[in-house]
Amino acid sequence: MQFRPRTVANTYYFTMRLRHAHKRYLTDYPDLWFSALSRVQQELPVRVNAFVLLPDHAHVIWTLPTKRGHVERCRRLCEAFSVALADSTGASQRLHKANFRLFRSYYPSTPIHSVAQLQRLRDYLHRDPVRHGLVAAPSEWRYSSGSMVGRLLS
């Protein structure tokens, strides 16, 4: 099944990286990431086209309703995940006192200008767990929209 979006206007590919690469927060607490994403989507509408969570970073492709607000949504997603993680691990007081900053403050992003570029970046994103040696095939990585699509089709 081919993914055929109607438009790529206001669509971005971006990466969120943990400050400490040896941490595995994104794959240890994926439910918190999904909850944070849902909260951001309620506050600032966005359509997630594809994603992959890796132990120390996440790649996301999303489409905004307007050209404004991409960086604000990234910041809010990082903040919501950080707060949820601190709360769920019982580390809230200690981490908030230490000015807890889980993610790097820079979100490398690429505006997507064509359907072909969107498909290339989506395929790149889904193959990332294979490149990192985490699985043999993209469909095996359960923290990815690629594996979810595979499960829905089978």
Of all heavy-atom pairs between [X] and [Y], which one has the smallest distance, and what is that distance?
X      : Y      : result
Arg73  : Pro65  : NH2-CD, 3.8 Å
Ser144 : His126 : OG-CD2, 3.2 Å
Thr27  : Leu53  : CG2-O, 3.8 Å
Ala50  : Ser145 : CA-OG, 3.3 Å

Supply the atom-to-atom distance [X] [atom1] to [Y] [atom2], rounded to the nearest 0.5 angstrom.
X      : Y      : atom1 : atom2 : answer
Arg19  : Arg104 : CZ    : CZ    : 8.5 Å
Gln117 : Thr11  : CD    : OG1   : 10.0 Å
Ile61  : Ile112 : CD1   : CD1   : 4.5 Å
Leu77  : Glu43  : CG    : CD    : 11.0 Å
Leu37  : Leu32  : CG    : CG    : 12.5 Å

Distance-only donor-acceptor hits, side chain of residues 127-134, under 3.5 Å, sequence neighbours excluded:
unit_1: Asp128; atom_1: OD1; unit_2: Arg131; atom_2: NE; d: 3.4
unit_1: Asp128; atom_1: OD1; unit_2: Arg131; atom_2: NH2; d: 3.3
unit_1: Asp128; atom_1: OD1; unit_2: His132; atom_2: NE2; d: 3.4
unit_1: Asp128; atom_1: OD2; unit_2: His57; atom_2: NE2; d: 3.2
unit_1: Asp128; atom_1: OD2; unit_2: His59; atom_2: NE2; d: 2.8
unit_1: Arg131; atom_1: NH2; unit_2: Tyr124; atom_2: O; d: 2.6

Is any side-chain heavy atom of [X] less than 4.5 Å from a side-chain heavy atom of [Y]?
X      : Y      : answer
Leu64  : Tyr12  : yes
Leu54  : Tyr143 : no
Leu125 : Tyr13  : yes
Tyr25  : Leu85  : yes

Measure from the side-chain N and O atoms of Ser38 to the backbone N and O of Phe34, and report whether any donor-acceptor pair falls under 3.5 Å.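 Not a single qualifying donor-acceptor pair exists.
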
Do any N or O atoms from the side chain of Arg39 and from the backbone of Phe81 form a donor-acceptor pair under 3.5 angstrom?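 Checked: no pair found.
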
Would you please name every residue forming a side-chain hydrogen bond (donor to acceptor under 3.5 Å, both in side chains) with Ser109, sequence neighbours left out?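 Partners of Ser109 under the side-chain hydrogen bond (donor to acceptor under 3.5 Å, both in side chains) test: His70.
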
side-chain hydrogen bond (donor to acceptor under 3.5 Å, both in side chains) involving Gln41 - partner list, sequence neighbours excluded: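 Gln41 satisfies side-chain hydrogen bond (donor to acceptor under 3.5 Å, both in side chains) with no residue once adjacent residues are dropped.
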
Out of Trp33, Trp62, Phe14, which residue meets the ring pair (Phe, Tyr, Trp, His ring centres under 6.0 Å) rule with Phe51?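 When ring pair (Phe, Tyr, Trp, His ring centres under 6.0 Å) is applied between Phe51 and each of Trp33, Trp62, Phe14, only Trp33 qualifies.
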
All pairs passing salt bridge (Lys or Arg N to Asp or Glu O under 4.0 Å) where residues 22-38 contributes a residue, at least two apart: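 Output for this query is empty, none listed.
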
Which salt bridge (Lys or Arg N to Asp or Glu O under 4.0 Å) pairs, counting each pair once, include a residue from residues 52-66, with sequence neighbours left out?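 Found none.
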
Does any donor atom in the side chain of Thr63 or Asn49 lie under 3.5 Å from an acceptor atom in the other side chain?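 Looking only at side-chain atoms, Asn49 and Thr63 do form a donor-acceptor pair, the distance falling under 3.5 Å.
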
Is it possible for you to say whether Tyr29 and Val52 belong to one hydrophobic cluster, with membership spreading through side-chain heavy-atom contacts below 4.5 Å?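 Linked, Tyr29 and Val52 end up in one cluster.
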
With sequence neighbours left out, what residues match Arg75 under salt bridge (charged side-chain N to carboxylate O under 4.0 Å, His left out)?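 Once residues adjacent in sequence are excluded, the partners of Arg75 under the salt bridge (charged side-chain N to carboxylate O under 4.0 Å, His left out) criterion are Glu72, Glu79.
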
